[in-house]
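One structure is given here, and the rest of the page talks about it.
When a ligand or atom number is given, it counts from 1 through the structure's own listing order.
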Amino acid sequence: MSNSGKYYGLKRENKRLSFFKAYTNNDNVTNEMLDIIEKKITETQPISILDLGTGNGYLIREVLRRNKNALKSSTLIGIDSSSVMIEIANNYLDAEAIEFIEMDNNRTKFQNDYFDIIIAKAVSNISTTEVYRILKTGGWFIYKEYGPGRGIVEIMTSMRKRRVHSGDRIVDDMKRMGFGNIELRKFYIPLSRTRDEVRAITDTMRILPYGITRDKVTRAIDEYYREKSWKIIHSDPYLIIGQK
Ligand SMILES: C[S@@+](CC[C@H](N)C(=O)[O-])C[C@H]1O[C@@H](n2cnc3c(N)ncnc32)[C@H](O)[C@@H]1O
């Protein structure tokens with residue numbers, strides 16, 4: 001099992017939930033992703049959809065909520081390497097029609113050419129080789145992640161050690177593998193954030209395993225804010241769409 005899988009659990013999930021409850025999160029990019037998924041569902045009438053690194057299952061539950069009729073007899077699966085996250089995902093009332101399984105994104109137990117659509121959001125630990133293997137020919141991969149700024153570009157630039165996929169690198173991998181109709185949409189979104197909000201964001205993030213101490217994070221945030229109570233922080237998400 002990967003390290004990041006072990007890192008996620010109840011404590012971090014609670015931090016994430018309280019952050020999203022406390023602070024507004026103008027997430028138009030996730031809405032754009034959901035619109036793309038909806039379009040692919042309408043076009044392909046999928047029998048099976050997989051959500052990688054599903055966490056609390058938000059994305060796949062939202063996909064189901066928006067496409068209830070079209071997905072009536074489809075198989076919906078969310079996998080996560082953290083057993084705690086699988087338990088949390090299963091506890092949502094609207095999760096009944098979804099199967100949540102503890103499994104590593106990089107070594108799944110699914111047979112070749114199995115899924116019509118594979119989706120993943122905010123999961124850097126994915127293998128495009130594995131996605132390609134378990135996707136049906138003609139199936140779609142739709143992926144959303146943050147760039148090296150991790151959604152807090154100004155703070156993260158002073159802590160470059162984190163290993164993050166850049167959208168371009170994933171696209172190169174996908175081309176090599178044989179994916180077609182690849183599209184990369186990059187965003188650079190200014191948000192007004194207070195020091196406490198940025199602290200809360202970094203609190204939910206997996207930075208310590210990359211050799212960055214919490215002290216260093218706090219210093220970088222203080223350095224950026226100085227005497228200001230709020231500042232503009234850029235978010236750098238990207239969306240990748242590709243077809244096998
Ligand atoms: C930042 S959360 C995102 C959760 C969800 N996709 C969302 O957007 O709300 C990352 C999730 O990926 C899971 N994860 C990390 N590495 C993984 C791996 N190798 N295989 C499966 N899940 C993994 C973590 O346990 C965690 O739940």
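Its side chain within the 4.5 Å cluster rule, W230 clusters with I232 among the Ile, Leu, Val, Met, Phe, Trp and Tyr residues.
Put simply, the residue from K121, R185, K144 that forms a salt bridge (Lys or Arg N to Asp or Glu O under 4.0 Å) with E32 is R185.
Interface of K121 with ligand 1, defined as ligand atoms under 4.0 Å from a residue heavy atom, comprises 3 (C), 5 (C), 6 (N), 7 (C), 8 (O), 9 (O). Close contacts between ligand 1 and G55 involve ligand atoms 4 (C), 27 (O) [criterion: under 4.0 Å to a heavy atom]. Per-residue contacts place N106 under 4.0 angstrom from the following atoms of ligand 1 (heavy atoms of the residue considered): 19 (N). Distances below 4.0 Å separate heavy atoms of S82 from the following atoms of ligand 1: 25 (O).
Residue-level proximity to ligand 1 for M85 is carried by the side chain, the only part with a heavy atom below 4.0 angstrom. Residue contacts with ligand 1, taken as heavy atom pairs separated by less than 4.0 Å, involve T54 solely via the backbone atoms N, CA, C and O. Counting heavy atoms closer than 4.0 Å to ligand 1, residue D104 contributes atoms from both its backbone and its side chain.
A salt bridge links R199 and D196; the closest N-O separation between the charged side-chain nitrogens and carboxylate oxygens is under 4.0 Å.
With hydrogens and angles left out, the side-chain atoms of D116 and S48 include a donor and acceptor closer than 3.5 Å.
Around atom 4 (C) of ligand 1, the closest heavy atom drawn from A89, G53, A122 belongs to G53.
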Donor-acceptor pairs under 3.5 Å, side chain of residues 70-77 to any protein atom, not counting sequence neighbours: which ones?
residue : atom : partner : partner atom : Å
K72     : NZ   : N69     : OD1          : 3.4
S74     : OG   : P46     : O            : 2.7

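Of the polar atoms of S81, at least one N or O is found under 3.5 Å from an N or O of ligand 1, judged by distance alone.
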